[in-house]
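Treat the numbers as computed from the prediction; the structure is a model and nothing was measured. Computation of the quantities below employed the complete heavy-atom set of this structure, encompassing side-chain atoms and omitting hydrogens, waters and symmetry-equivalent molecules.
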Amino acid sequence: QRLIDTYIDECLVFVSTSCINSMALDPSHLFSNFCRLFASALHAIPKDKHSTDVLNFVFLFAMVWSLGGHLTEIDRGDFDSFIRNSFKEVFPFTDEASVYDYCFSPAGEITTWKNMLEFTYENDSSSSVDVTRYPYGYVLKSLCTMGEHVLLVGEAGTGKSTLLRNLSSQLPFVTLTAHCTSQCQPGHLQDLLESQLAVSRKSFGPPAGKKLLLVTENVNLVPAVNGNAPTYETLQQIMEGTLYDRVKMSFVKVRDTTVICTMNPKFRNSHLNQQFLRRFHVLYIPVPSDSNLRHMLEPIIKKTLYPFSNPDLLR
């Protein structure tokens, strides 16, 4: 409670007034995202590791990836400086790592994704963790485990589909993917759901004992019909736990379903309004910088070429 009273309001004001190059989200929406991510991140850490330092870091981690998770590259530099100045007495930042680089290892220890990458390749690990985009994968998995809905925003080639494939392999979910285009018909999504999933008299969802991960790609390409976007209305119904049965003309309950949507920010859609966005935890995935690409690819190249070349040439 002390950390919330001290930092949250100040951070919300900074994001709304200084980070003007990013998607505008309502402060109450961002705070709701913070509460959900804090709960899910804390749930993923063993209770025997709940020290004061770890709890402080969970708070910092949740604040960075909820209040600043939707920010673009332009605004993340300013947000990084703000967090460093605000938290310098709470958490020992290093000059080499951004606030977005810090994460938890699978063992629940505080580390950076670059250290995770080096450890994985140096130890010839075959871990299923996608360490090259580890912070995003960790946040995504934490939220989906708790049943939270997520919107991934990023240009083509930033790894959104790869993150989702890795997520599907790590969670015991039934995955159903819908690809939206500008030619998508109003009932396309509901037709797909009804053809693939079990619909009973009172409920709709995956087979008993399973959970459904509904992935809707390029959701901002959905066309409008008479000023409305029926696909968005269908998604909102699902996230609210209901779906309209077009045959019986009544609502049925939707069970055990988590929605993940992706969008390319270059394709704007005026119908992607705040009412729809507030259902999601919004994560922006930037294009990797040259230094990040070098850090990701260098261990792979060295490991591949080492048996064939003089090690001195690979330094």
Working to the nearest 0.5 angstrom, can you tell me the gap between [X] [atom1] and [Y] [atom2]?
| X | Y | atom1 | atom2 | result |
| --- | --- | --- | --- | --- |
| Leu71 | Met23 | CG | CE | 11.0 Å |
| Leu193 | Leu243 | CG | CG | 7.0 Å |
| Cys19 | His70 | SG | NE2 | 7.0 Å |
| Thr177 | Leu213 | OG1 | CG | 8.0 Å |
| Leu212 | Thr175 | CG | OG1 | 7.5 Å |
| Glu155 | Thr72 | CD | OG1 | 10.0 Å |

Sort out for me which residue in Tyr102, Tyr100, Phe61, Trp65 forms a ring pair (Phe, Tyr, Trp, His ring centres under 6.0 Å) with Tyr138.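 It is Phe61, the one option of Tyr102, Tyr100, Phe61, Trp65 that forms the ring pair (Phe, Tyr, Trp, His ring centres under 6.0 Å) with Tyr138.
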
For the side chain of [X] and the backbone of [Y], is there at least one donor-acceptor N/O pair under 3.5 Å apart?
| X | Y | value |
| --- | --- | --- |
| His149 | Cys144 | no |
| Ser86 | Ile83 | no |
| Ser169 | Asn166 | yes |
| Asn220 | Asn264 | yes |
| Thr242 | Phe251 | no |
| Asp101 | Ser98 | yes |

Can you name the closest pair of heavy atoms from [X] and [Y] and give their distance?
| X | Y | value |
| --- | --- | --- |
| His188 | His179 | NE2-O, 4.1 Å |
| Ser18 | Asp75 | O-OD1, 4.1 Å |
| Val15 | Leu67 | CG2-O, 3.6 Å |
| Cys180 | Asn218 | CB-O, 3.4 Å |
| Ser66 | Leu37 | N-CD2, 4.2 Å |
| Ser40 | Ser142 | CB-O, 3.3 Å |

Any carboxylate oxygen within less than 4.0 angstrom of a Lys/Arg side-chain nitrogen, looking at Lys160 and Glu217?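 No, Lys160 and Glu217 are not salt-bridged.
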
Between Asp80 and Arg84, is the closest basic N to carboxylate O distance under 4.0 Å?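 Salt bridge: yes.
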
Between Val150 and Val139, is the side chain to side chain contact (heavy atoms under 4.5 Å, CB included) condition met? List the steps. CA-CA 10 Å; Val150 183; Val139 174; over 6 Å; no

Could you walk me through whether Phe173 and Ser168 pass the side chain to side chain contact (heavy atoms under 4.5 Å, CB included) test, one step at a time? CA-CA 7 Å; Phe173 281 31; Ser168 299; over 6 Å; no

Leu235 vs Leu189, test: side chain to side chain contact (heavy atoms under 4.5 Å, CB included). Steps then yes/no. CA-CA 9 Å; Leu235 286 171; Leu189 179 61; 3.6 Å; yes

When you compare the side chain of [Y] with that of [X], does any pair of heavy atoms fall below 4.5 Å?
| X | Y | result |
| --- | --- | --- |
| Leu151 | Leu283 | no |
| Phe34 | His29 | no |
| Val174 | Lys211 | no |
| Phe38 | Leu3 | no |
| Phe87 | Met63 | yes |
| His43 | Met146 | yes |
| Phe14 | Asp78 | yes |
| Tyr244 | Thr234 | no |

Hydrophobic cluster membership, Leu60 vs Ile4, 4.5 Å side-chain cutoff: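 Yes, Leu60 and Ile4 fall within the same hydrophobic cluster.
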
What do the steps show when you test Phe280 against Val259 for side chain to side chain contact (heavy atoms under 4.5 Å, CB included), and what is the final call? CA-CA 9 Å; Phe280 296 97; Val259 176; 4.1 Å; yes

Using the rule given for side chain to side chain donor-acceptor pair (under 3.5 Å), can you reason through Tyr284 versus Glu73, listing the C-alpha separation, both sets of side-chain angles and the distance that settles it, and then say yes or no? CA-CA 9 Å; Tyr284 178 83; Glu73 302 98 317; 3.0 Å; yes

